[in-house]
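Chain letters run A, B, ... following the sequence lines, proteins first, then strands; residues in each count from 1.
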2 protein chains.
Amino acid sequence: MHDAVASDPMAHDHDACIAAAIDRVEARCRVAGLQLTPVRRRVLEILLEEHRALGAYGILDRLRAEGLGSQPPVAYRALDFLMKHGFVHRIETLNAFVACTTGANAAPEDPHMPAFLICRACRRVIETTVPTARGRLETAAEGAGFAIEHAVREAEGVCATCRRAS
Amino acid sequence: MHDAVASDPMAHDHDACIAAAIDRVEARCRVAGLQLTPVRRRVLEILLEEHRALGAYGILDRLRAEGLGSQPPVAYRALDFLMKHGFVHRIETLNAFVACTTGANAAPEDPHMPAFLICRACRRVIETTVPTARGRLETAAEGAGFAIEHAVREAEGVCATCRRAS
DNA sequence: GCTCCCAATGTAATGTTATCACATGAGTTA
DNA sequence: TAACTCATGTGATAACATTACATTGGGAGC
Ligand SMILES: [Zn+2]
Ligand SMILES: [Zn+2]
Ligand SMILES: [Zn+2]
Ligand SMILES: [Zn+2]
């Protein structure tokens, strides 16, 4: 059961949140003809269960315990698939991975621009979506004649829950 | 000699650019009572010479060739020192390091907020400074009650020079 | 039926990046 | 001198990621 105080980000119905995310991904895969194989699906579930960043070897440990694979490529291949299609994001500052928590993977024609808030106290990762419109980074790039293809926005700090706790 | 076309970012007087950067750092160290030891100074010079991101082991190779150290901690300790004081930045998406190219390390009381434009063609890293004022990431964090302590902004793409070349 | 192809997986080995643990040496202070 | 701090030397190990090659299993076309 999920009995957390109202201010806790984990206070939501996490089982439903996981099920909904899986449903969205399954729908996307059906439409796009993608194969959500057992390993890929299980890796996604593991990340959804966490709501935090998990390293490839942490995921691999779980897969091993379940008899779903034992060598690094098993985890990395599944993660590559999930990232390629926007179901999972890589957190560069942690060398780790999180499940996409915005509903945006249901709307591939309007790709979202994720930004991540990483709590150094509870290691939870909050995904926020910033408008695709031009921000300061884009402005700076434009001024330099630089064509951005991919941008990384990650902030480390303390989340609301942990701030209240201290 | 530095004989590059006018549009090339390397067209500046690179020797002077390096000397000026070293001078700034030396001045900062004198004022703050920091020890710019031979290894630390050499690591900074190596990065300044490059004007691009270099991995810790790439730096270590150079140090080894010069008899300045052979084990990873030698490079990492020097980099830790240089980063701690803002003379060098870490590029998270490359697991690599660049010398700070803004004059901001001369003004520690007004810490700058660096953002990096990484060219995937020439691997050159352009450091730009974004205003410390609130941007979209800060706005999103504020809305979530999240206190940002450190933000990473890195964009991969193609620089002006490489775009013209293609 | 069949073969051919392709995507996914299994697995060993290796490569790359980063840290730990502990010993040594130089300079400073009590 | 003894105690302390800061920087360095060095071997070992941890953590993260990729390469290479063999194998499997399900269509597509015949
Ligand atoms: Zn949830
Ligand atoms: Zn937290
Ligand atoms: Zn220069
Ligand atoms: Zn370029």
Side-chain angles (χ1 to χ4, degrees), chain A residues 25-26 29-30 32-44 46-47 52-85 87-98 118 123 125 152 154 156, chain B residues 25-26 29-30 32-44 46-47 52-85 87-98 118 123 152 154:
Chain A
V25 171
E26 278 184 338
C29 288
R30 259 193 309 276
L34 306 173
Q35 299 185 51
L36 189 63
T37 63
V39 179
R40 292 169 176 177
R41 187 193 168 105
R42 190 66 195 114
V43 168
L44 177 62
I46 288 168
L47 288 173
R52 55 181 26 85
L54 213 47
Y57 280 72
I59 293 167
L60 185 57
D61 286 345
R62 305 251 216 140
L63 293 179
R64 226 186 319 250
E66 299 171 19
L68 275 172
S70 61
Q71 303 294 328
V74 174
Y76 282 103
R77 286 197 282 234
L79 288 167
D80 284 346
F81 168 86
L82 294 167
M83 281 194 294
K84 177 178 178 182
H85 301 290
F87 305 140
V88 159
H89 300 295
R90 176 180 170 84
I91 307 297
E92 297 291 345
T93 54
L94 299 176
N95 292 329
F97 307 84
V98 282
I118 305 154
R123 301 243 331 164
V125 175
V152 172
E154 297 174 10
E156 192 195 52
Chain B
V25 172
E26 279 185 336
C29 288
R30 260 193 308 276
L34 305 173
Q35 299 185 51
L36 189 63
T37 62
V39 179
R40 292 170 176 176
R41 186 191 167 106
R42 189 69 195 112
V43 169
L44 176 63
I46 288 168
L47 288 173
R52 56 177 29 83
L54 213 48
Y57 281 73
I59 293 166
L60 185 57
D61 286 345
R62 304 251 217 141
L63 292 178
R64 227 189 313 254
E66 300 171 18
L68 276 172
S70 61
Q71 302 294 327
V74 174
Y76 282 103
R77 285 196 283 233
L79 289 166
D80 284 346
F81 169 86
L82 294 167
M83 281 194 293
K84 178 176 177 183
H85 301 290
F87 306 140
V88 159
H89 300 295
R90 176 180 169 82
I91 307 297
E92 297 291 346
T93 53
L94 299 176
N95 291 329
F97 307 83
V98 282
I118 304 154
R123 298 243 333 165
V152 172
E154 297 174 9

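Across C:dT19, C:dG10, D:dT10, the shortest atom-to-atom separation from the side chain of B:P72 is found for C:dT19.
Distance, A:D80 CG to C:dA8 C1': 13 Å, rounded to whole Å. The distance from atom CZ of A:F81 to atom P of C:dC6 is 19 Å, rounded to the nearest whole Å. Separating the CE atom of B:M83 from the C1' atom of C:dT17 is a distance of 13 Å, rounded to the nearest angstrom. Between A:L34 atom CG and C:dA7 atom C1' the separation is 12 Å, expressed in whole Å. Atoms CZ (A:R42) and P (C:dT9) sit 15 Å apart, rounded to a whole Å. Regarding A:L68, its CG atom lies at a distance of 14 Å from the C1' atom of C:dA8, rounded to whole Å. Straight-line distance from the OH atom of B:Y76 to the P atom of D:dT13: 18 Å, rounded to whole Å. Rounding to whole angstrom units, CG of residue A:N95 and C1' of D:dT18 are separated by 14 Å.
Dashed line: the shortest gap from a side-chain N or O of B:R40 to OP1 or OP2 of D:dA7 is under 4.0 Å. Between A:Q71 and C:dG10 there is no side-chain polar atom (N or O) within less than 4.0 angstrom of OP1 or OP2. Phosphate proximity of C:dA8 to A:Q35: present, with a side-chain N or O under 4.0 Å from OP1 or OP2. Using a 4.0 Å cut-off, some side-chain N or O of B:R90 falls inside it from OP1 or OP2 of C:dA18. Under 4.0 angstrom from either OP1 or OP2 of C:dT9 there lies at least one side-chain N or O belonging to A:T37.
The minimum heavy-atom distance between A:L60 and A:G69, with the atom names listed, is CD1-O, 4.2 Å.
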### Task
Could you walk me through whether A:D80 and A:R77 pass salt bridge (charged side-chain N to carboxylate O under 4.0 Å, His left out), step by step?
CA-CA 5 Å; A:D80 284 346; A:R77 286 197 282 234; over 6 Å; no

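For the atom pair CG (B:L44) and CG (B:L82), the distance works out to 5.5 Å, reported to the nearest 0.5 Å. A:E156 CD to A:E154 CD: the interatomic distance, rounded to the nearest 0.5 Å, is 10.5 Å.
Once the 5.5 Å centre distance and the 30° plane angle are applied, the aromatic ring of A:Y57 is found stacked with the base of D:dC16.
The 5' end of DNA chain D is approached more closely, in terms of each residue's nearest nucleotide, by A:G58 than by the other of A:G58 and A:P73.
Tested against A:V88 for a side-chain contact (heavy atoms from CB on, under 4.5 Å), the candidates A:L47, A:V43, A:V98 yield a single pass: A:L47.
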